[in-house]
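Data block below; observations after.
Here is the naming used below: chain letters follow the sequence lines, and residue numbers restart at 1 for every chain.
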Number of protein chains: 2
Amino acid sequence: MSAYIDLNDYLQTTGARIEQAMDRLVPPKTQYPEALYDSMRYSLFAGGKRLRPVLTLATVEALGGDVEAALPVASALEMIHTYSLMHDDLPAMDDDDYRRGKPTNHKVFGEATAILAGDALLTQAFQLLGTMEASGREAVMLRIVGELATAAGSVGMVAGQMADMANEGMKANEERLAFIHAHKTGALLTAAVRIGALFADASDQQLQALTCYAQKIGLAFQIVDDILDVVGEAEKLGKAVGADAAHGKSTYPVLYGLEESREMVRRLTAEAHQALSSVPLQTNRLQEIADWLVNREV
Amino acid sequence: MSAYIDLNDYLQTTGARIEQAMDRLVPPKTQYPEALYDSMRYSLFAGGKRLRPVLTLATVEALGGDVEAALPVASALEMIHTYSLMHDDLPAMDDDDYRRGKPTNHKVFGEATAILAGDALLTQAFQLLGTMEASGREAVMLRIVGELATAAGSVGMVAGQMADMANEGMKANEERLAFIHAHKTGALLTAAVRIGALFADASDQQLQALTCYAQKIGLAFQIVDDILDVVGEAEKLGKAVGADAAHGKSTYPVLYGLEESREMVRRLTAEAHQALSSVPLQTNRLQEIADWLVNREV
């Protein structure tokens, strides 16, 4: 199917499939305590590009795997991403009132519920993986549990958020900034691709090439975000432009300048394409996604 | 070995084994961001009865399973329990300054780090399960992932904490109080026993009996906690006596009176013993643990 529709159609169709799957996997509940379930769904269905689950499904497709069967795995990625946003927005953390133009979770449900609903979404990602139909494929699913937890936890995403908090109000050097991006966003983006590859039984060589692809686009994606924070328009991002600078955060444009940052994005994107072409794969869609990620109004 | 030592020796020896395992599994780290790892270990090694992992290991032993191999699984239970205490203590939640006589995590490391270190411990529990040696036993390990996440998440422990927050300052009725106890503490205690049973390849009949045992002692344990809050001495609990009453929380003594609460504990303990004796098991240690739990200075 994917060969017949362009990337925008693909992103829209795939995003809708993911939302339907999440609606089924995290259904509305009228049971006590309702506010917990309302809060989880409020953030889970607050929009967004669904980039991580899209990457998982596009990788499964590139390997000729079963995209439909991979939907719960892809959803688990999005649930972890969503919980991380909920906790990052808390007053004790980034203290953000809005995300994607909507009030943040704790502004609507209160801090306690936002903390607990975030905890619940994180936990439910593993509940999904541990309880989905996996007959005969338990070893792969268990490895996926390990990959996801490693990427999300204390040597992955959480370490990145810790580093990002420490970066507020002081100038991080190049090494520290690379650490933040590799961990805060890079680890989970890379896991999204790797988990798709594991689910679709990639060879070691394929897994290695896809991991390289994911690391390159993960960093490019974050540099683009930094650039957009400087030059973007408020309505396109749904947050105040220059917010990073206002928080005193170091970013790629601050450390390297705009032109050099753009050059880095170009170089990383080329390397991502190169990684894909090094192994036999149906990689059209992954190539398109790489280009789309870096061409967001830079 | 266990037949030769009394329960106190067993608890001390087993507690030390669990702490050694956790020290190996969550080692001190001198790498950036150090505060995250310090914060995780601060709460993980802040003492406590290690009741959940002890239950897991005692269950494995009752079934003749490999106690040494079960240590990472038992540790995962304690990591989830610890994260839940860290988040419960936060200013937005119970706002506690002390736990077991020591300053709470956020008083030492700050709120942001306490939130993130809690997230990291929760995640690391699943990382442990997903990456431990499990050759040929992946189906069991995956089921354990599902059990643990279900017990800890939105239909388990987190739902209990939500309900407990709502209980502050108002009187919960009997049904609501039973919900809080069954979810906030009961779910994870039951999971501790069930996960030990699954790990040691219990039969369905054994699993059912052990689940019943765990549910009974889980509730008895919580009622004893409620009673101790009324009649206990401050130094024994390491927190202010009457704290629940001061928070305006409903408890078993408030709803049922002290004598009826004590009678409930006796009845539940008897039922726990009965459940164990219904199946062939080496249950001495589990019987002793049930008696020990309810005889804490009631």
Under 4.5 Å from any heavy atom of chain A, what part of [X] do you find: side chain, backbone, both or neither?
| X | result |
| --- | --- |
| B/L121 | neither |
| B/Y32 | both |
| B/Q161 | both |
| B/L36 | both |
| B/M40 | side chain |
| B/V155 | both |
| B/R176 | side chain |
| B/A134 | side chain |

Pairs of heavy atoms under 4.5 Å with chain B: top-ranked of [options]:
| options | result |
| --- | --- |
| A/T131, A/I144, A/T123, A/L116 | A/L116 |
| A/H87, A/M162, A/H183 | A/M162 |
| A/G118, A/G110, A/A152, A/G146 | A/G146 |
| A/E111, A/Q127, A/Q124 | A/Q127 |
| A/A120, A/S84, A/G136, A/G160 | A/A120 |

May I ask you to decide whether [X] forms a salt bridge with [Y], counting only side-chain N to carboxylate O separations under 4.0 Å?
| X | Y | result |
| --- | --- | --- |
| A/K184 | A/D88 | yes |
| A/R194 | A/E147 | yes |
| A/E19 | A/R50 | yes |
| B/D23 | B/R41 | yes |
| B/K29 | B/D38 | no |

Is it possible for you to check whether B/K102 lies under 6.0 Å from the centre of the six-membered ring of B/Y42, through NZ or CZ, and within 45° of that ring's axis?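 Pair B/K102/B/Y42 counts as cation-pi.
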Honestly, is A/R137 close enough over A/F199, meaning NZ or CZ under 6.0 Å from the six-membered ring centre and within 45° of the axis?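 Positive - A/R137 is close enough to the ring of A/F199 and near enough to its axis.
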Using a cut-off of under 4.5 Å for heavy-atom pairs, which of B/V140, B/L122, B/L142, B/V145 has the most such pairs with chain A?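 The residue among B/V140, B/L122, B/L142, B/V145 with the greatest pair count is B/L142.
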Among B/I115, B/D119, B/T113, single out the residue with the greatest number of heavy-atom pairs under 4.5 Å to chain A. B/D119
Just do the side chain to side chain contact (heavy atoms under 4.5 Å, CB included) check on A/S43 and A/L85 with the steps written out, would you? CA-CA 9 Å; A/S43 289; A/L85 300 181; over 6 Å; no
Is chain B contacted by the side chain of A/L90, its backbone, both, or neither, given a heavy-atom distance below 4.5 Å?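 The answer is the side chain of A/L90.
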When rounded to the nearest 0.5 angstrom, what is the spacing between CG in B/L148 and CD1 in B/I80? 4.0 Å
With a cut-off of 6.0 Å (strictly less than), are more than 12 heavy atoms of other residues, nucleotides or ligands near CG of A/D204? no
